[in-house]
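So the structure is just underneath, and the comments pick up after that.
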Amino acid sequence: PLAEFDVSRRQEELRTEGYTRLPHATSPIEATALATVIARLVRGGWHPLWCLVFDEAWIWVSRMRHVLKEVVNKDAAPNYDYMAWYIDPCRSEAGWVPHRDRRNMPVERGAAPLYCTVWLALTEATPLNGCMHILPADRDVAYGANDLVTDAHDYECAHKWVQDIRALPCEPAEALVWTGRALHFGGRSCARAPVPRISIACALSVSSFEDPNLRIPGGLFCHSQKAP
């Protein structure tokens with residue numbers, strides 16, 4: 001039920017700070033099942049993204065679709081831009097470096113975002129195993145600047161305003177949603193972490209900004225590689 005997710009609060013957080021949380025985005029049983037699939041894939045030498053051949057990787061998005069459209073943008077739809085991770089603390093692995101998924105996304109104060117990433121924790125995500133970190137939009141001087149920011153600018157933001165960056169630990173089956181302009185990154189894990197950080201993400205977009213339908217002209221994907 002929408003009331004369970006306090007949609008108005010989530011919308012306000014997303015539009016003000018560039019991110020929000022969705023508790024119980026899937027069931028703990030389904031999160032564990034998908035985490036087990038990814039762990040077995042990795043042990044077998046396969047990329048975590050091969051989990052997409054299993055129904056569980058799609059079910060949670062289908063079930064949450066109505067809630068996500070209400071929180072993000074009623075005109076948005078899942079765009080099949082997926083990624084999955086297995087961050088191994090035994091190897092001190094880390095998530096991706098500071099970046100914005102769609103730095104070209106126009107931003108209008110108070111308006112619903114045109115692109116969002118939905119990141120689902122399948123195991124507990126903590127600072128010890130590389131949880132997500134974000135620079136809140138209201139602390140990010142480049143967030144509302146509709147001229148295209150650069151990698152160098154994002155690197156400067158992440159270091160100059162390091163005290164404003166928030167770690168976002170998550171329980172299994174909890175989701176984070178952030179806009180295409182939000183500056184974020186995955187932390188580095190350490191051997192003291194009891195479990196690897198296993199997660200999966202998809203995205204939603206509005207067709208006026210980015211066609212949510214998967215397009216493969218000439219055998220190539222039109223969507224650029226996103227890095228949650």
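Just so you know, residue 1 is the first one in the sequence shown, and it goes up from there. Keep in mind that the numbers below use all heavy atoms, side chains included, and drop hydrogens, waters and symmetry copies.
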Between C131 and A125, the two heavy atoms sitting closest are CB-C, 3.8 Å
Q. N104 and F209: side-chain contact (heavy atoms from CB on, under 4.5 Å), yes or no, with the steps?
A. CA-CA 9 Å; N104 62 325; F209 172 68; 3.6 Å; yes
Count the heavy atoms belonging to other residues, nucleotides or ligands that lie under 6.0 Å from CZ of R21, then report whether that count exceeds 12.
-> yes
Say whether V71 and W60 are linked into one hydrophobic cluster, either directly or through other cluster members, by side-chain heavy-atom distances under 4.5 angstrom. yes
Rounded to the nearest 0.5 Å, the CZ atom of F5 sits from the CG atom of L22 at a distance of 6.5 Å
d(S92 OG, R188 CZ) to nearest 0.5 Å is 7.0 Å
Rounding to 0.5 Å, atoms CZ (R100) and CE (M105) come to a distance of 10.5 Å
Checking R181 against D140 for the salt bridge (Lys or Arg N to Asp or Glu O under 4.0 Å) test, could you report, in this order, the C-alpha distance in whole Å, the side-chain angles of both residues, the deciding distance, and whether it holds? CA-CA 10 Å; R181 286 296 290 265; D140 180 358; over 6 Å; no
Distance col, row R197:CZ vs L122:CG, nearest 0.5 angstrom, shows 10.0 Å
Between A121 and S199 the two heavy atoms that sit nearest each other are CA-CB, 4.4 Å
query: Hey, any chance F185 and L128 share a hydrophobic cluster, counting ILVMFWY side chains that come within less than 4.5 Å of each other, even indirectly?
result: no
Got R9 and E12 here, is their nearest side-chain heavy-atom distance under 4.5 Å? no
Give a yes or no on whether V67 and L14 share a hydrophobic cluster (residues Ile, Leu, Val, Met, Phe, Trp, Tyr; joining criterion: side-chain heavy atoms under 4.5 Å apart). yes
Can you hop from L49 to I198 via hydrophobic side chains spaced under 4.5 Å? yes
Exercise. Would you please test L114 and N73 for side-chain contact (heavy atoms from CB on, under 4.5 Å) and show each step?
Key: CA-CA 7 Å; L114 303 178; N73 190 316; 4.2 Å; yes
Distance col, row L176:CG vs H184:NE2, nearest 0.5 angstrom, shows 10.0 Å
Would you sort out whether M132 and Y19 count as a side-chain contact (heavy atoms from CB on, under 4.5 Å), showing the intermediate values?
CA-CA 11 Å; M132 297 305 301; Y19 79 97; over 6 Å; no
Between V118 and the options I200, V61, L204, the side-chain contact (heavy atoms from CB on, under 4.5 Å) test singles out L204
dist D164:CG -> I134:CD1 (nearest 0.5 Å) comes out at 12.5 Å
### Proximity of W58 and Y82 rings by center, below 6.0 Å
yes
Closest non-hydrogen contact found for P28 with A173 is N-CB, 4.1 Å
Smallest heavy-atom separation, D101 atom then W178 atom, equals OD2-NE1, 2.9 Å
Closest non-hydrogen contact found for P212 with Y80 is O-CD1, 3.6 Å
Does I59 share a hydrophobic cluster with M64, counting links as ILVMFWY side-chain heavy atoms below 4.5 Å and allowing steps through other members? no
Inset, instruction - Would you tell me whether N79 and D81 have side-chain atoms, one donor and one acceptor, within less than 3.5 Å of each other? - result: no
